[in-house]
Structures are given as C-alpha cells and as structure tokens.
Amino acid sequence: MRLLFLGTGAAGSKNKPEAEIKEGQRRCSSMMIDHNILVDVAMQSFDYATKLGEDTGAITDIFLSHTHRDHYVKETLLAYAAAAGQKINFWCHEGAVADLGLSDQEAALINICPVKCMQKWETAGMTVTALPANHLAGGPRQQPLHYIFEKDGKTLFYGCDGGWFRADTWEYLRAKNVVFNAMILEATVGELPGNFRIGTHNTVPMLRLLLEALRENAMLPRDAIRIADHLGVPPYDTVQKDDYGLLTELGMTVAYDGLVMEI
Ligand SMILES: [Zn+2]
Ligand SMILES: [Zn+2]
C-alpha cells in the first residue's frame, strides 16, 4: 500500500481554502491510499492532491472517520465527486449521514454507503473493517470510526480521531487476533499536561501505554510501522528542527503533509 499524507494536522490547522501553507505547517486530515482511495476529506485535500500532481479523477472510494470540520468539508467531497470518472463510494457511519449537510441534489452525485461498527466488507480491492473510536462528533447517532484496511497481505490501522481505545474495539482486535503491519495513531495532545482534549484524543503517555499493550498482545510486531498523525495546534506548531521529542523516542514516524510511505 502506498500512503500519501495530504493533511496531518488537528483542528486549528490551516482550514481556509486559500490559506498559505508555510514550511512545517499542516493542513487538516486527509490521506490517500494507492491512487484510488481517500480517508477523510478536509478543506485543502483536493487542491493539495492536485498540486502534487495526483490524478484526483481516479478516486473511487472515500472513507470518513467523522464529520468534524478538520476531517470533512462538503465542498471537498463534491470537488472529488466532480472530478471522478464514476460515482464515488462514500463510506461513513450510518449515523453520520444526517450530519453530512448534503442536499438531495448533492447526495445524488455520490454513492453514500452507510456502515455499522464492527462491519467488515470488500471494496476497491481491499477488505475494510469499521471500529468505534473513543470520540464524539455531530448528532447523537453518529459514532466516529477507526478503520482497518487490508490489501496485498498488509494490514493498516487508521485511528484519527479517538483517544485510547474503546473497550469493544480493543476486545474486537484481541478476539480476531489482528496483527498490524502499520498503525496510524493520532497524537493530538502530545506532551501537554492537563489538556482538555484528553477525553477524546491521545497524549504521549497514552500512546506509550497503548503501543506497549499492542506489542505485548501480539497485535503490533516490533518491526511494524508506527505513524503519529493529526498533530495538535498546540503543541506541535512550535516544533523546531523536526524535534518531536518523545514521539520519536516511541519509535513513531511523525507524518507531515506530502509524506509518501510504502507499507
Ligand atoms: Zn480531528
Ligand atoms: Zn474529531
């Protein structure tokens, strides 16, 4: 799987259509898998993918974690839909559909595919599993999602947003003996002490415990790739010289806009 990170910042990152992005600044969440799959569609995803020379018309499937504005912007989704050669499959939690803000006319431009937690299905050459994230967004029916993507013998976890794991997600991973080749975990709060985001986002101490537990329970081999994504503003807007401190000590690769990784 080829991963292209189109936006790696949390809420508070650059979220205006024409915002100038300086070296080291981050756009909001979006990631491309191979050349036909997207995860999350924040404000600048389409324009940045175009700028990087990606064929935005090749996207067939988009997966949404949740409808917070740093992950979902209707206009971005519609831009991909307009560029696509076919109707895009748009996968989101069944309770998120009402929060998309699409008119009937706009909804008719895409193939909205509501999913349930613990659902596993095939699309775009992948096996996909939706798991509940420890996060809140939109109306009372929406459950933010983590995803497991399996393709070509590789298993990838995408967990932006959601601090810690919900009990049912953790038990699902244990019961199914899932082994990841790569995990993308959000590192929103970083090393900030006592930050209010702790209820729905990860801190570095939480990541340390989580990574250790994943390794001890055979879900994350020592050579698996650990990626820190969805970096908070603050604390990571003031990083100097790529010094990500404890994230690096945890063996995590810190994602940045434009990063390409092969897993
Ligand atoms: Zn977010
Ligand atoms: Zn969120």
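We count ligands from 1, going down the list as the structure has it; atoms in each ligand are counted the same way.
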Report the angle formed at the Zn ion (ligand 1) by atom NE2 of His71 and atom NE2 of His230, rounding to the nearest 10°. 100°
Under 2.8 Å from the Zn ion (ligand 1), can any N, O or S atom of Cys28 be found? no
Heavy atoms of other groups near Lys87 NZ, more than 12 under 6.0 Å: yes
For Ser30 and Tyr48, which I'm curious about, is there any donor-acceptor pair between the side chains at under 3.5 Å? no
Please name the pair of heavy atoms, one in Ala130 and one in Lys116, separated by the smallest distance, quoted to 0.1 Å. CB-O, 3.9 Å
For the pair Glu171 and Arg174, find out whether any cationic side-chain nitrogen is under 4.0 Å from an anionic carboxylate oxygen. yes
Of the backbone and side-chain N, O or S atoms of Asp161, does one lie nearer to the Zn ion (ligand 2) than 2.8 Å? yes
Could you pull out the closest heavy-atom pair between Asp161 and His146, with the gap in Å? O-CE1, 3.5 Å
Let me check your reading of the structure: within less than 2.8 Å of the Zn ion (ligand 2), is there an N/O/S atom from His135? yes
For a distance under 2.8 Å, tell me if His66 has an N/O/S atom near the Zn ion (ligand 2). yes
Answer yes or no: is there a donor N or O on one side and an acceptor on the other, between the side chain of Thr169 and the main chain of Pro132, under 3.5 Å? yes
Verify the distance test for His68 against the Zn ion (ligand 2): any N/O/S atom under 2.8 Å, yes or no. yes
Residue Asp70 atom name (nearest to the Zn ion (ligand 1); N/O/S): OD2
